[in-house]
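Here the structure is laid out as structure tokens; the discussion comes afterwards.
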Amino acid sequence: MKHESILILDFGGQYNQLIARRVRESHVYCEVHPDTMPIEKIREMNPRGIILTGGPQSVYVENAVLGDSRIFELGIPILGICYGAQVIAHVLGGKVDKAETSEYGRTEVSIDKKSPLFENVSTKTIAWMSHTDRIFEIPNGFEVTSSTQNCPVASMEDSSRKFYAVQFHPEVMHTDEGKIMLDNFVRKICECRGDWTMSNFIQTTVENLKSRIGSGRALCALSGGVDSSVAAVLMSKAIGKQLTCVFVDHGLLRKNEGDEVEQVFGSSGIYDLNFIRVNAGDEFLQALKNVTEPESKRKIIGEKFIRVFEREAKKIGAVDFLVQGTIYPDVIESGLGRAATIKSHHNVGGLPNYVDFKEIVEPLRLLFKDEVREVGRQLGIPEKLVSRQPFPGPGLGIRIIGEVTAEKISIVQNADAIYREELEKSGVKNLGQYFAALTNMRSVGVMGDGRTYDYAIVLRAVETSDFMTANASQIPWEILGKISNRIVNEVKGVNRVLYDCTSKPPATIELE
Ligand code: XMP
């Protein structure tokens, strides 16, 4: 079954993923494609409507990116946001120019005309503005529907052709009623039914996987993280024992995590699949001996992971499909190809083509993270696993500064378990990620009557929505005090606990 869909043409705005998120929240399926998407492909996709995103450029400069103007002949509704609104104005014969004053931030918009886009929206509403250009003349057939103090055309529309343009950003949280506007666009104007639900997704994906894989065999690298777990369960639902999951336990997982993964996916678990756990902790430790430089550690762990997985895969023999837990933000990001390498991230779920297989299958490639979690819940994966925080592929290897040893792994695992237990009990909210790490610093302390010369643990907790930027969480002092007490008392080898109060940037979330 093909879902009704909305096409989001991306002009390089920073909020493009958010637009897609909001559309999905209205239970309408959407895809983000670059503004250069060929018109034939757009016709093939046959969307119910198109959204043109914001972007950093000006429409009136030479070689400005304006998309293919034939989209205006498709006879489907189009919504332009910010730069997208200016594209509509410019291409259809209006005039866009630099504004006398740029508008930035939360701004009051007054809705001056009744519009299907603003149904159930207050006549004075707060919206997020971020522009230096604005529409000076609207194209023929359009009328202005809202304005702000500095922007006479905050929105315009041609309701007969169903073209809508808003200068502000309805997709961001700072636009109070933005979600209603986007919902109006996709449900009322584009007349989408809103049949994109996770149970529908599961049903159609399982059917598709069944027919695609037939009697073939598939191999999945299971890390215990959300994405690879959900991908594996979805696959097992479709092809049962034709799927083999290999879980490489590199010994750098959090306390008890390896066993928890085995409990869910192993022979006493709830799923019908072949599960192989490889306990490779010693091998990883050996490879990491005397290595202190963060990038070297990351590379060694990544490389070792591949070798161990490869060895196991060889035992299984040739398979037809290799399962990967790629999710939609990865697809969008890699499609746009912008990424500065601060750290060489390695994702245990993602593997290159060194195993003997014919095709890659990515059952989650259309989903956002919260959708993946929802699918996981509906498939009966335990909540603890489904709501797990991000955990880096190299694991504790990059939460131990300096050389990784068995003793240090045990220290950081125990300290981290106490930290997590106490924070979970404390009810502190909005934590995006939190963990304990082990510094390479030893200092003098006193315990009982004796001198100690032990390690310092550093605690980190951040608030973040995208993990690109983050603020250190202000955990109440009493809670930190209690945690620190427990750690120095219960974890041998630690006599000092520090709290990391740096934001990202300039620090990163992980320590290495
Ligand atoms: P940083 O430390 O770069 O981390 O601020 C941002 C987010 O990415 C996670 N992270 C990783 N995830 N493989 C992963 O799959 C990796 O190698 C890796 N390194 C960092 C980190 O936990 C945080 O959520």
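Please read all numbers here as calculations on a predicted model, not as lab measurements. First listed ligand is number 1; within each ligand, the first listed atom is number 1.
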Walk me through it: do Tyr434 and Glu424 pass the test side-chain hydrogen bond (donor to acceptor under 3.5 Å, both in side chains)?
CA-CA 10 Å; Tyr434 50 89; Glu424 276 148 33; 3.0 Å; yes
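For Arg399 and Phe435, the positive end sits near the middle of the six-membered ring, less than 6.0 Å away and at most 45° from its axis.
For Pro390, no nitrogen or oxygen atom sits less than 3.5 Å from a nitrogen or oxygen atom of ligand 1, counting backbone and side chain alike. At a 3.5 angstrom cut-off on N or O pairs, Arg399 does not count as close to ligand 1.
Considering Leu367, Val32, Leu364 as possible partners of Tyr328, the one that fulfils the side-chain contact (heavy atoms from CB on, under 4.5 Å) test is Val32.
When each atom of ligand 1 is checked for a heavy atom of Pro394 under 4.0 Å away, the hits are 16 (C), 17 (O). Atom numbering of ligand 1 starts at 1 in the shown order; those under 4.0 Å from a heavy atom of Lys504 are 1 (P), 3 (O), 5 (O), 6 (C). Proximity to Phe467 (heavy-atom distance under 4.0 Å) selects the following atoms of ligand 1: 6 (C), 24 (O).
In terms of the side-chain hydrogen bond (donor to acceptor under 3.5 Å, both in side chains) criterion, Asn256 has no residue partners (sequence neighbours excluded). Listed by chain and number, the residues in a side-chain hydrogen bond (donor to acceptor under 3.5 Å, both in side chains) with Thr452 are Asn495 (sequence neighbours excluded).
Counting heavy atoms under 4.0 Å from ligand 1, residue Arg298 touches it through the side chain alone.
Between the choices Ile509, Thr508, Leu511, the shortest heavy-atom distance to atom 4 (O) of ligand 1 belongs to Ile509.
Between Lys304 and Ala287, the shortest heavy-atom distance links the atoms CD-CB, 3.9 Å.
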